[in-house]
There are 2 protein chains.
Amino acid sequence: MASRKFVIDTSLFVNPYAREKFGKDPSSAIRGCVKALEGLDVDVFIPPSIFNELKNFADAKAMEELELVVKKRAPNTYGIYLPAAVLYDFIEDVRLRINKGLRLAEDFAKDNHPDNDEKLRKLRDKYRDAMRTGIIDSKEDFELVLLAKELEATLVSSDEGAMKFANQIGCEHLSADKFHPLLKKLKGK
Amino acid sequence: MASRKFVIDTSLFVNPYAREKFGKDPSSAIRGCVKALEGLDVDVFIPPSIFNELKNFADAKAMEELELVVKKRAPNTYGIYLPAAVLYDFIEDVRLRINKGLRLAEDFAKDNHPDNDEKLRKLRDKYRDAMRTGIIDSKEDFELVLLAKELEATLVSSDEGAMKFANQIGCEHLSADKFHPLLKKLKGK
């Protein structure tokens with residue numbers, strides 16, 4: 001059998017639930033993952049933008065170790081074509097969210113209680129939730145899914161928006177918390 | 001020479017500056033356009049979604065006349081492929097706008113003056129401007145550009161977001177206010 005290919009996301013090491021079995025914090029989870037990959041016939045890819053994002057969460061030593069076992073590359077954004085329907089759905093989703101965002105902003109504008117700190121905290125939480133949950137909301141997430149698609153690799157992520165987009169374009173994916181048990185199983189073979 | 005193909009947008013009849021030479025209101029502009037097209041070897045297309053949108057602005061009589069001279073059809077959204085870079089740019093644009101929208105919402109949430117009506121009016125104006133100007137913000141606009149691209153037709157619109165998207169995918173376009181002089185010129189031939 002050909003070696004299996006994976007594209008990994010920041011969430012694998014940053015999301016506490018996803019990294020649990022690899023390590024208790026991002027740096028130790030990276031080390032745990034590097035160790036789990038030892039001797040396995042798998043190719044692990046990471047887009048440079050995601051690699052750089054990860055640097056904000058892990059120490060330099062862990063990142064160096066990771067760099068030696070993963071393959072860093074970006075998707076060929078100019079060479080890959082997507083069905084127009086994907087953008088069509090995205091535009092409609094964004095339109096609905098923008099309307100939701102306005103309703104939220106209106107509610108908070110009407111609330112003239114003087115507790116501004118509390119208000120802003122709530123506004124940010126609700127706005128973030130309405131605008132960004134369950135949608136591809138960054139170039140980094142987009143690159144992630146596109147790279148997995150291009151390489152016909154399995155996307156390893158716990159990001160809801162990334163998973164949804166992966167489903168739209170027929171890209172295989174694995175919930176990040178299942179990566180550890182999968183590597184263990186592959187080792188057993 | 002083959003007959004020229006155009007895809008027309010609501011803005012051709014709804015935008016006062018664009019329709020000026022065709023008529024003083026949407027219904028008379030539609031009649032003016034139908035008249036200007038008489039005897040010309042041109043094909044004018046309109047997506048059904050845009051045709052329906054136009055019904056909200058013009059009387060039934062004008063719409064009937066229009067329906068006899070235009071060709072109604074939607075783009076083949078599932079058959080057309082776009083470079084992934086287009087979606088990539090769109091995601092980044094939306095992300096920046098979402099952040100802008102939050103800054104706006106915060107400003108209005110902090111403002112505890114009791115003049116809520118005035119505040120909401122200003123909020124809606126600014127929010128709309130920040131979120132929707134210069135971006136494809138509806139399925140209707142998307143269909144418009146996509147249809148022009150599919151038919152290799154000239155998009156006739158004064159919508160900034162539609163023009164920008166047309167440029168991204170290499171679609172010919174003409175500012176809506178230039179449609180009248182162009183038809184006049186074609187008639188002269």
Side-chain angles (χ1 to χ4, degrees), chain A residues 75-95 97-99 101-124 126-128 130-132 135-143 145-146 149-150 161 165 169, chain B residues 75-95 97-99 101-124 126-128 130-132 135-143 145-146 149-150 161 165 169:
Chain A
N76 180 3
T77 321
Y78 290 91
I80 303 172
Y81 283 69
L82 299 174
V86 172
L87 183 51
Y88 186 90
D89 289 345
F90 191 74
I91 287 169
E92 179 63 5
D93 193 346
V94 165
R95 196 183 61 79
R97 283 166 194 265
I98 283 175
N99 289 345
L102 178 57
R103 294 292 96 76
L104 262 175
E106 286 175 352
D107 288 345
F108 281 89
K110 281 187 281 188
D111 176 358
N112 291 324
H113 288 92
D115 53 345
N116 277 346
D117 287 348
E118 174 67 2
K119 260 196 281 181
L120 291 182
R121 201 185 49 74
K122 273 194 201 161
L123 168 63
R124 283 176 198 138
K126 288 192 175 188
Y127 188 85
R128 193 187 163 79
M131 300 305 257
R132 307 186 64 173
I135 195 174
I136 279 274
D137 67 346
S138 70
K139 294 191 294 185
E140 289 76 13
D141 286 355
F142 184 70
E143 291 196 341
V145 182
L146 216 60
K149 176 71 178 167
E150 184 183 351
F165 179 46
I169 62 172
Chain B
N76 179 1
T77 321
Y78 290 90
I80 303 172
Y81 282 68
L82 299 173
V86 172
L87 183 51
Y88 185 91
D89 289 347
F90 191 74
I91 287 170
E92 179 63 4
D93 193 343
V94 166
R95 196 183 62 79
R97 284 167 194 262
I98 284 176
N99 290 343
L102 178 58
R103 294 291 96 75
L104 263 174
E106 286 174 352
D107 288 347
F108 281 88
K110 280 188 282 188
D111 176 357
N112 292 324
H113 288 92
D115 53 346
N116 278 346
D117 287 348
E118 173 68 3
K119 259 196 281 179
L120 290 183
R121 203 188 48 73
K122 272 194 201 163
L123 168 63
R124 283 176 197 137
K126 288 193 175 186
Y127 189 84
R128 195 187 159 79
M131 300 304 259
R132 306 186 63 171
I135 194 173
I136 281 271
D137 67 347
S138 69
K139 294 190 293 183
E140 289 76 14
D141 287 355
F142 183 69
E143 290 196 342
V145 182
L146 217 58
K149 176 70 181 170
E150 184 184 349
F165 179 46
I169 62 172

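In what follows, every chain begins at residue 1, and chains take the letters A, B, ... in the order their sequences are listed. Owing to the predicted nature of the structure, the values given are computational and were not obtained by experimental measurement. The figures here come from the full heavy-atom set of this structure, side chains too, leaving out hydrogens, waters and symmetry mates.
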Item to check | Winner by heavy-atom pair count (cut-off under 4.5 Å) against chain B, out of A/V86, A/L102, A/D117 | outcome: A/L102

Checklist entry - Heavy-atom distance under 4.5 Å to chain A: side chain of B/L120, backbone, both or neither? => result side chain

Next on the checklist: Taking the six-membered ring for Trp, are B/F108 and A/F108 closer than 6.0 Å centroid to centroid?
Outcome noted: no

Checklist entry - If you look at every heavy atom in A/I169 and A/K149, which pair is closest and at what distance? => result O-NZ, 2.8 Å

Checklist entry - Checking B/L146 against chain A: side chain, backbone, both or neither under 4.5 Å from a heavy atom? => result side chain

Checklist outcome for this item: So CD of B/E143 and CD of B/E150: to nearest 0.5 Å the spacing works out to 11.0 Å

Item to check | Residue B/R128 versus chain A: region with a heavy atom under 4.5 Å | outcome: neither

Checklist entry - Picking from A/R95, A/K119, A/R97, A/E106, which has the most non-hydrogen pairs under 4.5 angstrom with chain B? => result A/E106

Next on the checklist: Assess, by modelled atom type and distance only, whether the side chains of B/N112 and A/N116 contain a donor and an acceptor separated by less than 3.5 Å.
Outcome noted: yes

Next on the checklist: Would the distance check show the side chain of B/N76 and the main-chain N or O of B/G79 forming a donor-acceptor pair, the cut-off being under 3.5 Å?
Outcome noted: yes

Item to check | Interchain contact, A/Y127 with chain B, by part (heavy-atom threshold 4.5 Å) | outcome: side chain

Checklist outcome for this item: Heavy atoms of B/I136 and B/G161 approach each other most closely as CG1-O, 3.6 Å

Item to check | Most chain B-contacting option - heavy-atom pairs closer than 4.5 Å, from A/A105, A/A109, A/P114 | outcome: A/A109

